[in-house]
Asker: 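Starting off with a structure, shown below.
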Amino acid sequence: MKHITSLLKLTLLGALTLGVARFALADVRLPAIFSDHMVLQQDEDCAIWGWADPGEKVTVTIAGKSTSTKAGRDGRWKLELPELKAGGPHTLVVAGNNSITVQDVLVGEVWLGSGQSNMAMKVSAAMDYEKEQAAANLPQVRMFTEASGASNK
């Protein structure tokens with residue numbers, strides 16, 4: 001019986017150690033909006049946020065500017081990048097226990113469209129779409145579409 005109790009204690013200790021080690025090596029994460037080909041608002045301080053280990057130092061770098069913060073007890077972190085001038089493409093690097101690199105980041109005007117159901121209509125459904133697409137040369141126009149659904153409120 002003593003042997004079984006010792007084995008059980010070792011098994012539980014091993015499982016606990018693995019669980020703590022996994023938590024201690026949690027990766028810095030970003031929400032989906034911070035992704036390749038994104039646009040940051042020009043001439044305004046810009047909030048960047050995400051998740052990491054509680055107390056983990058997180059540094060964000062773009063266009064030669066860096067700023068750091070620490071994740072709170074809940075693992076959430078947020079910082080403000082100093083205002084950036086229009087331009088790019090830039091590389092945004094978020095570094096903590098791991099590093100995330102976001103490529104092809106532009107700084108410019110950010111517009112938000114929301115509201116009516118017709119806002120969900122895709123450009124490909126527009127009249128003369130093929131002709132418009134062939135004539136378009138807008139490599140710096142970017143679009144992020146957030147999944148939507150009915151509100152329960």
Side-chain angles (χ1 to χ4, degrees), residues 6-126 133 136-153:
S6 295
L7 184 59
L8 183 58
K9 285 181 182 178
L10 283 173
T11 302
L12 288 173
L13 180 61
L16 181 61
T17 301
L18 286 175
V20 170
R22 183 177 179 270
F23 184 71
L25 298 175
D27 288 342
V28 170
R29 295 180 295 126
L30 294 169
I33 197 165
F34 299 112
S35 58
D36 290 348
H37 318 297
M38 66 183 272
V39 180
L40 294 174
Q41 180 62 47
Q42 68 180 1
D43 300 326
E44 297 284 337
D45 289 348
C46 185
I48 306 288
W49 65 92
W51 305 270
D53 277 342
E56 181 177 348
K57 181 180 178 186
V58 178
T59 301
V60 176
T61 305
I62 186 170
K65 296 182 179 183
S66 289
T67 189
S68 297
T69 191
K70 284 190 176 184
R73 289 188 301 175
D74 60 359
R76 290 192 247 177
W77 59 268
K78 180 180 177 183
L79 53 75
E80 296 268 331
L81 290 174
E83 61 183 61
L84 299 165
K85 296 295 177 196
H90 299 289
T91 300
L92 177 86
V93 177
V94 180
N97 289 339
N98 63 307
S99 183
I100 299 171
T101 301
V102 182
Q103 303 285 351
D104 192 29
V105 177
L106 296 180
V107 178
E109 289 298 318
V110 176
W111 293 66
L112 175 66
S114 176
Q116 299 292 326
S117 60
N118 63 357
M119 294 294 292
M121 184 181 108
K122 297 194 182 296
V123 175
S124 60
Q133 183 184 32
N137 183 17
L138 304 167
Q140 293 185 324
V141 172
R142 313 292 173 85
M143 184 168 143
F144 178 83
T145 304
E146 201 280 324
S148 61
S151 172
N152 294 329
K153 295 181 182 182

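Quick note: numbers below take in every heavy atom, side chains included, and nothing from hydrogens, waters or symmetry partners.
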Asker: Looking at Gln140, I'd like to know if its CD atom is crowded, meaning that more than 12 non-hydrogen atoms belonging to other residues, nucleotides or ligands lie closer than 6.0 Å.
Answerer: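 Counting other residues, nucleotides and ligands, CD of Gln140 stays at 12 neighbours or fewer.
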
Asker: Not counting sequence neighbours, list each pair that qualifies as a salt bridge (charged side-chain N to carboxylate O under 4.0 Å, His left out) and has a residue in residues 104-117.
Answerer: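 Matches after skipping sequence neighbours: Asp104-Arg142.
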
Asker: In Å, rounded to the nearest 0.5 Å, how long is the span from CH2 of Trp51 to CG of Leu30?
Answerer: 8.0 Å

Asker: Would you say the side chain of Leu79 lies within less than 4.5 Å of the side chain of Ser68, judging by non-hydrogen atoms?
Answerer: no

Asker: Does any part of the side chain of Val60, heavy atoms only, come nearer than 4.5 Å to the side chain of Trp77, both counted from C-beta?
Answerer: yes

Asker: Hey, what do you get for CH2 (Trp49) to CZ (Arg29), rounding to the nearest 0.5 Å?
Answerer: 14.0 Å

Asker: To check you understand the geometry: which heavy-atom pair defines the closest contact between Ser66 and Thr59, and what is its length?
Answerer: CB-CG2, 4.3 Å

Asker: Testing Val102, Val107, Val110 one by one against Met38 for a side-chain contact (heavy atoms from CB on, under 4.5 Å), which residue passes?
Answerer: Val102

Asker: Give me the atom names and distance for the closest heavy-atom approach of Ala52 to Val28.
Answerer: CB-CG2, 4.1 Å

Asker: If the condition is side-chain hydrogen bond (donor to acceptor under 3.5 Å, both in side chains), which residues does Asp74 pass it with, not counting sequence neighbours?
Answerer: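 side-chain hydrogen bond (donor to acceptor under 3.5 Å, both in side chains) check on Asp74 returns Arg76.
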
Asker: Let me confirm one number: the OG1-NE2 distance from Thr61 to His90, rounded to the nearest 0.5 Å.
Answerer: 13.0 Å

Asker: What's the spacing between Ile48 CD1 and Thr67 OG1 if we round to 0.5 Å?
Answerer: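 Output value for this atom pair is 10.5 Å.
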
Asker: Answer yes or no: are there more than 12 heavy-atom neighbours, outside Lys65 itself, under 6.0 Å from its atom NZ?
Answerer: yes

Asker: Within this structure, what is the CG-CG distance for the pair Leu84 and Leu40, rounded to the nearest 0.5 Å?
Answerer: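 Taking CG in Leu84 and CG in Leu40, the distance rounds to 6.5 Å.
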
Asker: With a 4.5 Å cut-off on side-chain heavy atoms, are Glu56 and Asn97 touching?
Answerer: yes

Asker: Answer yes or no: is there a side-chain heavy-atom contact under 4.5 Å between Leu81 and Leu92?
Answerer: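 Yes. Closest side-chain heavy atoms under 4.5 Å.
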
Asker: If a pair satisfies salt bridge (charged side-chain N to carboxylate O under 4.0 Å, His left out) and one of its residues is in residues 85-96, list it, with sequence neighbours excluded.
Answerer: Asp43-Lys85

Asker: CD of Glu44 to CD of Glu83: how many Å apart, nearest 0.5 Å?
Answerer: 7.0 Å

